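Each remark here refers to the structure printed beneath this line.
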Amino acid sequence: MKIQVGECRVEKITEQRAAFPFGALFKAHRSEMSDAFAEQPAEVSIHSWVVRTAEHTILIDTATGNGRNRDNKPLFHQLNTPYVENLARAGVDPAEVTLVLMTHIHTDHVGWNTHWVDGKWQPLFPNARYVCSAAELQHCQDDPASQELYRDSILPLIERDQLQTINVQESPLFAGVLRYISTPGHSIDHASIVLESQGEYAIFPGDVMHHPVQFHHPHWNSLFCEDLPLAMASRQRVIDWCQQHQAIWFSSHFHSSSLGRVAPDGQWTPLED
């Protein structure tokens with residue numbers, strides 16, 4: 001399903017789907033749930049968004065990637081998904097991608113930055129400029145637990161001089177329609193990406209939320225969030241921004257419908273995808 005936002009066309013590229021019990025995904029808030037609800041599966045999706053303008057093909061986040069060593073975590077470790085085939089079905093030739101924008105550097109958002117070719121990791125999008133937060137990059141480089149991710153998903157971009165780092169609070173405009181806004185908390189310098197075209201608005205909020213239930217409970221943080229109070233504040237900021245701009249919300253992990261709008265009462269109104 002392609003969604004039009006001004007002059008831009010947006011389409012989802014799915015990598016995989018999974019489920020966690022609500023009580024596990026939002027374990028810090030288990031006491032607020034009934035036992036029955038805590039055991040219900042919270043379905044999630046891992047995907048990218050393609051944004052097409054007249055001149056650019058842009059990818060926002062790149063899912064997990066195949067063949068990665070990820071500490072034997074089944075959701076991320078040694079995957080073999082048809083992500084590249086899904087790109088092709090959407091009419092995306094990796095060589096035609098001009099920009100790859102990362103909301104943050106977590107394993108399920110940067111993996112398909114690269115692929116394994118001729119015995120080494122190489123950029124999947126050979127002609128793209130890849131963009132990330134400078135603070136996120138520094139944290140990844142310094143974090144002992146992120147070294148495998150850095151070597152297979154980030155370092156090859158640096159070696160090919162394809163990575164641009166920015167201060168997300170002073171974000172330039174990309175392709176004339178996209179810019180970063182700071183929404184930290186899930187990660188150290190997590191950022192959302194705003195799309196404005198011909199008076200219409202959308203947002204790609206990364207991991208500000210993992211499931212629509214968080215519209216009912218905006219103080220709930222997922223088990224993946226690092227700074228819980230800051231993540232909650234950023235979540236409310238994005239909800240408020242969407243209401244003010246009547247923006248389409250293109251989620252990173254919502255499953256049944258990955259896009260929608262925020263109603264005047266702050267609740268989620270899904271759109272088909």
Side-chain angles (χ1 to χ4, degrees), residues 1-13 44-53 56 58-63 99-104 106 108-109 131-133 136 166-187 189-215 218 221-222 225 230-273:
M1 180 180 180
K2 297 180 177 67
I3 300 293
Q4 198 76 21
V5 181
E7 68 164 358
C8 304
R9 287 182 296 122
V10 185
E11 187 171 1
K12 184 173 76 171
I13 309 297
V44 298
S45 170
I46 297 176
H47 51 261
S48 302
W49 293 103
V50 174
V51 179
R52 293 181 174 93
T53 72
H56 293 275
I58 303 154
L59 211 64
I60 296 179
D61 289 339
T62 63
L99 275 170
V100 177
L101 304 180
M102 292 170 259
T103 59
H104 62 298
H106 279 177
D108 55 329
H109 291 259
V131 181
C132 72
S133 152
E136 286 273 325
I166 63 166
N167 178 342
V168 299
Q169 297 191 42
E170 300 173 355
S171 172
L173 193 64
F174 293 97
V177 294
L178 292 159
R179 62 181 174 84
Y180 282 86
I181 61 172
S182 178
T183 51
H186 173 72
S187 65
D189 200 37
H190 182 282
S192 301
I193 298 169
V194 166
L195 168 61
E196 180 182 355
S197 177
Q198 297 180 337
E200 297 183 5
Y201 292 88
I203 193 165
F204 302 86
D207 283 4
V208 163
M209 286 194 189
H210 285 77
H211 192 277
V213 74
Q214 290 172 281
F215 284 100
N221 293 298
S222 81
C225 291
L230 201 53
M232 183 175 67
S234 290
R235 187 174 309 114
Q236 191 61 56
R237 179 187 179 195
V238 173
I239 291 172
D240 294 343
W241 186 92
C242 279
Q243 289 176 304
Q244 292 164 8
H245 293 82
Q246 299 181 329
I248 299 177
W249 180 299
F250 289 96
S251 75
S252 285
H253 293 301
F254 293 5
H255 177 276
S256 56
S257 179
S258 299
L259 65 151
R261 295 184 185 271
V262 183
D265 63 358
Q267 296 308 303
W268 172 248
T269 303
L271 302 173
E272 282 190 24
D273 69 337

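Side-chain atoms are counted along with the backbone in the values below, which use heavy atoms only and exclude waters and symmetry mates. Since this is a predicted model, take the numbers as computed values, not measurements.
A distance-only check finds no donor-acceptor pair linking the side chain of Arg9 to the backbone of Lys2 [under 3.5 Å]. Side-chain atoms of Glu136 do not come within 3.5 Å of backbone N or O of His104 as any donor-acceptor pair.
Checking Thr53, Leu178, Ile58 one by one against Cys8, the side chain to side chain contact (heavy atoms under 4.5 Å, CB included) holds for a single residue, Thr53.
Listed by chain and number, the residues in a side-chain hydrogen bond (donor to acceptor under 3.5 Å, both in side chains) with His211 amount to none (sequence neighbours excluded). Considering only residues two or more places apart in sequence or on other chains, Ser251 meets the side-chain hydrogen bond (donor to acceptor under 3.5 Å, both in side chains) condition with none of them. Shown here are the side-chain contact (heavy atoms from CB on, under 4.5 Å) partners of Ile166, two or more places apart in sequence or in another chain: Val131, Gln164, Val168, Ser171, Pro172, Phe174, Tyr180. For Asp240, the side-chain hydrogen bond (donor to acceptor under 3.5 Å, both in side chains) criterion is met by Gln236, not counting sequence neighbours. In this structure, the ring pair (Phe, Tyr, Trp, His ring centres under 6.0 Å) partners of His47, at least two apart in sequence or on a different chain, are Trp49.
Annotation: side chain of Ile181 is in contact with side chain of Arg237 (closest heavy-atom distance under 4.5 Å). For the pair Ile203/Cys242, a side-chain contact is recorded, criterion being any heavy-atom separation below 4.5 Å from C-beta on.
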Working for side chain to side chain contact (heavy atoms under 4.5 Å, CB included), residues Arg261 and Ile248:
CA-CA 5 Å; Arg261 295 184 185 271; Ile248 299 177; 3.5 Å; yes
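The number of heavy atoms from other shown groups lying within 6.0 Å of CD (Gln246) does not exceed 12.
Between the NZ atom in Lys12 and the CD1 atom in Ile3 there is a gap of 11.0 Å [rounded to 0.5 Å].
No side-chain donor from either of Ser45 and His255 sits under 3.5 Å from a side-chain acceptor of the other.
Residue pairs meeting the side-chain hydrogen bond (donor to acceptor under 3.5 Å, both in side chains) criterion with at least one partner in residues 193-206, sequence neighbours excluded, are Glu196-Tyr201.
For the pair Ser48 and Thr62, the tightest heavy-atom approach, listed with the atom from each and the gap, is OG-CA, 3.4 Å.
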